[in-house]
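This is a predicted model, so every value here is computed, not measured. All values below come from the heavy atoms of this structure, side chains included, with hydrogens, waters and symmetry mates left out.
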Amino acid sequence: MKKVPSGFHAFWAALINVIHWPGCKTGWPLPRGATAPADWTPKMRDTGTWRAMEDLYEAGKVKAIGVTNYSVRHLKQLLKTCRVKPMVNQVEFHPRLVQTELLEFCAEHGISVQAYASLGSGDAKQAESFFAFPEVQAAAAAHGMTPAQVLLRWATQKGCHVVPKSSNPKRIKENADIFGAKLTKSEMKAIDALHTGTRYAWKGLDPDTIK
């Protein structure tokens, strides 16, 4: 089995293996300006890490393999050389960042989009509450839902799988109970229109800036 290059953030679990970021390791605990590995090149992402993950999948060691924070450009590069297509792409997705092009590209190529930060993110000390958007409040009132449920329902109706984070049992139950109502086309469009291209995760860094 090939060794996955240490310069990549990789999430390991019993059933799924995901490349966490399209670039190499930077930042703490590395010295300022340092990368790991020091000789990292974008080619290592597809012919090193992804190839090792394909080997794990084909050997039956993991049930699924995917990527996180990949842009359309990164996916196009990977699809040129991969033996096994990524099964999921986990990305920041919320009313301020409606990644329509990415969602359409993934649907076309059979890649599931998994949304994170759907209810907000503390990475960049978010200054606004998605719950307070009038469009979200109006939909919540119309359907007897909480604003959080509206945001999660909106994302699922867009075609995303959603990863909400909570340790509160009541909120966990509410987050799962979003399929009793369907947002109307006008409600969906109103929330879509909140898009500004703003990123809150990864300190606002756009993954597409990674070569």
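The structure places CG of Leu205 at 8.5 Å from CZ of Arg199, a figure rounded to the nearest 0.5 Å. The distance from the CD1 atom of Ile19 to the CG atom of Leu78 is 7.0 Å, given to the nearest 0.5 Å. Rounded to the nearest 0.5 angstrom, Thr146 OG1 and Gln137 CD are separated by 10.0 Å. Arg83 contributes atom CZ, which lies 12.0 Å from atom CE of Met53 (distance to the nearest 0.5 angstrom). From Asn168, atom CG reaches atom NZ of Lys173 across 12.5 Å, with rounding to the nearest 0.5 Å. To the nearest 0.5 Å, the span separating OG on Ser71 from CD on Glu101 amounts to 9.0 Å.
Cluster annotation: Phe130 and Leu119 are assigned to the same hydrophobic cluster (Ile/Leu/Val/Met/Phe/Trp/Tyr, side-chain heavy-atom contacts under 4.5 Å, transitive). Using a 4.5 Å cut-off between side-chain heavy atoms of Ile, Leu, Val, Met, Phe, Trp and Tyr, with links allowed through other members, Phe105 and Val67 fall into the same hydrophobic cluster. The same ILVMFWY cluster, assembled from side-chain heavy atoms under 4.5 Å apart, contains both Ile111 and Val113. Hydrophobic clustering (side-chain heavy atoms under 4.5 Å, transitive across Ile, Leu, Val, Met, Phe, Trp, Tyr) keeps Val163 apart from Tyr70. Following chains of ILVMFWY side-chain contacts shorter than 4.5 Å, one cannot reach Trp21 starting from Leu30, and the two form parts of different hydrophobic clusters.
Contact annotation: the side chain of Pro37 approaches that of Met44 to within less than 4.5 Å [non-hydrogen atoms, C-beta and beyond]. With contacts defined as side-chain heavy-atom distances shorter than 4.5 Å, the pair Glu187/Val150 does not qualify. Annotation: side chain of His74 is in contact with side chain of Ile210 (closest heavy-atom distance under 4.5 Å). Side-chain atoms of Ile191 and Leu183, non-hydrogen and from C-beta on, do get closer than 4.5 Å to each other. Between Trp40 and Thr26 the shortest side-chain heavy-atom distance does not fall below 4.5 Å. Using a 4.5 Å heavy-atom threshold, the side chains of Leu75 and His109 count as separate. In this structure the side chain of Pro86 reaches within 4.5 angstrom of the side chain of Leu79, judged on heavy atoms.
For the pair Phe133 and Pro95, the tightest heavy-atom approach, listed with the atom from each and the gap, is CE1-CB, 4.2 Å. In terms of heavy atoms, Gly27 sits closest to Lys25 at O-CE, 3.9 Å. In this structure, Val62 and Asn17 approach most closely via the heavy-atom pair CG1-CB, 4.2 Å. Shortest non-hydrogen contact noted between Arg96 and Leu194 is NH1-O, 2.7 Å.
The aromatic ring centroids of Tyr57 and Trp50 lie 6.0 Å or more from each other.
Side chain of His94 to backbone of Leu151: no donor-acceptor contact under 3.5 angstrom is found. Proximity of a side-chain donor or acceptor of Asn89 to a complementary backbone N or O of Gly66 within less than 3.5 Å is not detected. Remark: the backbone N or O of Phe179 is not paired with any side-chain donor or acceptor of Arg153 at under 3.5 angstrom. A donor-acceptor contact shorter than 3.5 Å links the side chain of Arg45 to the backbone of Pro22. In this structure a side-chain-to-backbone donor-acceptor pair under 3.5 Å is missing from His143 to Ala181. In this structure a side-chain-to-backbone donor-acceptor pair under 3.5 Å is missing from Gln114 to Val88. The closest donor-acceptor contact from the side chain of Glu92 to the backbone of Tyr200 lies under 3.5 Å. Here the side chain of Gln149 pairs no donor or acceptor atom with the backbone of Ala140 at under 3.5 angstrom.
Look at Lys80 and Asp46 and you find no salt bridge, because none of the NZ, NE, NH1 or NH2 atoms lies under 4.0 Å from a carboxylate O. Taking 4.0 Å as the cut-off between side-chain N and carboxylate O, Glu54 and Arg51 count as a salt-bridged pair. Ion pairing between Asp192 and Lys185 fails under the 4.0 Å rule for side-chain N and carboxylate O.
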Stepwise side chain to side chain contact (heavy atoms under 4.5 Å, CB included) test for Asn175 and Leu152: CA-CA 7 Å; Asn175 290 344; Leu152 298 176; 3.6 Å; yes
Run the numbers on His161 and Gln90 for side chain to side chain contact (heavy atoms under 4.5 Å, CB included), then give the verdict. CA-CA 9 Å; His161 301 282; Gln90 187 183 95; over 6 Å; no
